[in-house]
Amino acid sequence: MRIATWNVNSLNVRLPQVLEWLAEAKPDLLCLQETKLDDERFPQDLIEYAGYRVVYSGQKSYNGVAILSRNPAKDVITELPGLDDPQRRVLGATFATDVGEVRVLDLYVPNGQAVGTDKYAYKLDWLARLRDHLAEQIAAYPKLVVVGDFNIAPGDLDVYDPDGWRGGILCSDAEREALRALLDLGLSDLYRGFHDQGERFSWWDYRGNMFAANRGLRIDLILTSAALRDAASDCRIDTVPRAWARPSDHTPVVADFA
DNA sequence: ATGCCTTCGCCTCGAAGA
């Protein structure tokens, strides 16, 4: 089973890149964030023509998540229980795979804008509700994988300039503690199970030639329960699409399970 | 740096992202 996560920063703009990447990477599951499309405008036919089923929860202009899959989704959710939120950031579903039934949660965690703002408070509250939901999910589903744009760099190793970013948005203590609280439920940051070096990022700002200089952050994560961690054979960041024409500012993160 | 780039909406600039 191969699963990937990719913040595409507008599926309307990025659909050609997504179809190209699907043909090359051949994932069983691809979780997208920031589709920025109303469900009425979602390109379901073109994705199905490429050989994938798809479920989605979107809105105009902002947010929006989708899961492309070889097998059908069941038990789909589009909300965090206990959080009445018009922002479309959550998509959960269960899939049959060659490693058994897998519960998938695709997330676009709020950005938070700046420490101390209303959006930052919303982000921390959202993460607290996520923790409550994951505590239930990890008990209900031994094979749980939580993927997406977490908008948190887990540690200094995940930041090109840790001193410059320390305490700021995406790197503040409260955000990192909220991520730690998710991991403490029994989830693993799968990339770190395979790679212990720094300067491995999943997002680079469009401004200032940051990708060419490899000045980025690792904020797109694949978290797995223990059973899936033990079944994992690889986790990697595919930087190739970030170098394509008209790229997303994020690049895919991929995991394989045997 | 109230900068940089890219997206969207509504309308050619402002807001937001990270």
Side-chain angles (χ1 to χ4, degrees), chain A residues 5-18 31-43 56-66 85-90 106-127 130 147-176 178-179 189 191 198-221 237 239 241-253:
Chain A
T5 178
W6 192 5
N7 179 326
V8 291
N9 185 19
S10 169
L11 187 59
N12 186 45
V13 173
R14 226 69 63 195
L15 182 62
Q17 287 94 322
V18 169
C31 297
L32 303 179
Q33 304 88 37
E34 283 206 87
T35 55
K36 299 185 176 179
L37 286 172
D38 259 333
D39 290 348
E40 292 71 23
R41 295 187 59 220
F42 194 92
Y56 42 88
S57 177
Q59 67 184 91
K60 191 166 66 170
S61 308
Y62 300 106
N63 309 311
V65 283
D85 188 356
Q87 301 189 31
R88 304 290 81 197
R89 300 178 174 277
V90 174
D106 177 18
L107 303 176
Y108 175 46
V109 175
N111 170 278
Q113 199 168 57
V115 173
T117 62
D118 288 350
K119 288 180 180 176
Y120 183 73
Y122 162 70
K123 180 179 193 174
L124 294 179
D125 181 60
W126 196 96
L127 287 164
L130 173 62
V147 311
D149 177 358
F150 281 74
N151 268 318
I152 302 170
D156 285 353
L157 207 55
D158 304 304
V159 182
Y160 72 94
D161 175 14
D163 292 332
W165 283 75
R166 186 165 293 114
I169 197 66
L170 316 187
C171 298
S172 71
D173 288 345
E175 289 166 272
R176 286 178 167 173
L179 177 60
D189 175 2
Y191 187 78
E199 306 195 334
R200 297 292 182 271
F201 308 126
S202 65
W203 168 86
W204 300 260
D205 200 307
Y206 284 123
R207 298 167 291 186
N209 242 350
M210 300 292 262
F211 179 65
N214 195 31
R215 298 176 187 272
L217 304 178
R218 191 177 69 90
I219 55 178
D220 299 275
L221 309 178
I237 300 171
T239 57
R242 187 60 178 79
W244 286 349
R246 213 169 177 195
S248 171
D249 43 357
H250 298 250
T251 210
V253 182

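Sequence lines set the chain letters: A, B, ... in the order given, protein chains first and strands last, and positions in each chain run from 1.
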[N] [atom2] sits how many Å from [X] [atom1], rounded?
{"X": "A:Arg14", "N": "B:dC5", "atom1": "CZ", "atom2": "P", "result": "16 Å"}
{"X": "A:Ile219", "N": "B:dA18", "atom1": "CD1", "atom2": "C1'", "result": "6 Å"}
{"X": "A:Asp118", "N": "B:dA15", "atom1": "CG", "atom2": "C1'", "result": "16 Å"}
{"X": "A:Asn209", "N": "B:dC4", "atom1": "CG", "atom2": "C1'", "result": "11 Å"}
{"X": "A:Lys119", "N": "B:dA16", "atom1": "NZ", "atom2": "P", "result": "4 Å"}
{"X": "A:Arg246", "N": "B:dC5", "atom1": "CZ", "atom2": "C1'", "result": "12 Å"}
{"X": "A:Gln59", "N": "B:dC8", "atom1": "CD", "atom2": "C1'", "result": "12 Å"}
{"X": "A:Leu179", "N": "B:dA18", "atom1": "CG", "atom2": "C1'", "result": "16 Å"}

Residue closer to the 5' end of DNA chain B, A:Gly112 versus A:Pro247 (nearest nucleotide):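 It is A:Pro247 whose nearest nucleotide is closer to the 5' end.
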On DNA chain B, check which nucleotide each of A:Pro110 and A:Arg207 is closest to and give me the residue with the more 5' one.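 On the 5' side of the pair lies A:Arg207.
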Got a donor-acceptor contact below 3.5 angstrom from the A:Arg218 side chain to the A:Ile237 backbone?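 It does not hold such a pair.
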Do [X] and [Y] have side-chain atoms, one donor and one acceptor, less than 3.5 Å apart?
{"X": "A:Gln33", "Y": "A:Asp106", "answer": "yes"}
{"X": "A:Tyr206", "Y": "A:Asn9", "answer": "yes"}
{"X": "A:Thr117", "Y": "A:Tyr122", "answer": "no"}

Among the nucleotides B:dA16, B:dC8, B:dA18, which one has an atom lying closest to any side-chain atom of A:Asn151?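 Of the options given, the side chain of A:Asn151 lies nearest B:dA18.
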Picking from B:dA18, B:dA16, B:dC8, which would you name as closest to the side chain of A:Tyr62?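 That would be B:dA16.
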Taking OP1 and OP2 of [N], is either one under 4.0 Å from a side-chain nitrogen or oxygen of [X]?
{"X": "A:Ser10", "N": "B:dC8", "value": "yes"}
{"X": "A:Tyr120", "N": "B:dA18", "value": "no"}
{"X": "A:Asn7", "N": "B:dA18", "value": "yes"}
{"X": "A:Lys36", "N": "B:dT6", "value": "no"}
{"X": "A:Asn111", "N": "B:dA18", "value": "yes"}
{"X": "A:Ser61", "N": "B:dG9", "value": "yes"}
{"X": "A:Gln113", "N": "B:dA18", "value": "no"}

For [X], report the nucleic acid contact type (base, sugar-phosphate, nothing); a contact means any heavy atom under 4.0 Å.
{"X": "A:Phe201", "value": "nothing"}
{"X": "A:Asp149", "value": "sugar-phosphate"}
{"X": "A:Lys123", "value": "nothing"}
{"X": "A:Ile169", "value": "nothing"}

If you measure from the [atom1] atom in [N] to the same atom in [M], how many Å do you get, rounded?
{"N": "B:dT12", "M": "B:dA1", "atom1": "C1'", "result": "24 Å"}
{"N": "B:dC13", "M": "B:dT2", "atom1": "P", "result": "22 Å"}
{"N": "B:dC10", "M": "B:dA16", "atom1": "C1'", "result": "16 Å"}

Excluding sequence neighbours, so at least two apart, what forms ring-ring contact (aromatic ring centres under 6.0 Å, His included) with A:Tyr56?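 Here the qualifying residues are A:Phe42.
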Determine whether more than 12 heavy atoms belonging to other residues, nucleotides or ligands lie under 6.0 Å from atom CZ of A:Arg176.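 For A:Arg176, atom CZ is crowded (more than 12 foreign heavy atoms under 6.0 Å).
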Apply salt bridge (charged side-chain N to carboxylate O under 4.0 Å, His left out) to residues A:Asp38 and A:Arg88 and explain how you reach the verdict. CA-CA 10 Å; A:Asp38 259 333; A:Arg88 304 290 81 197; over 6 Å; no
So for A:Asp205 and B:dA18, does any side-chain atom that can act as donor or acceptor lie under 3.5 Å from a complementary atom in the base?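 No.
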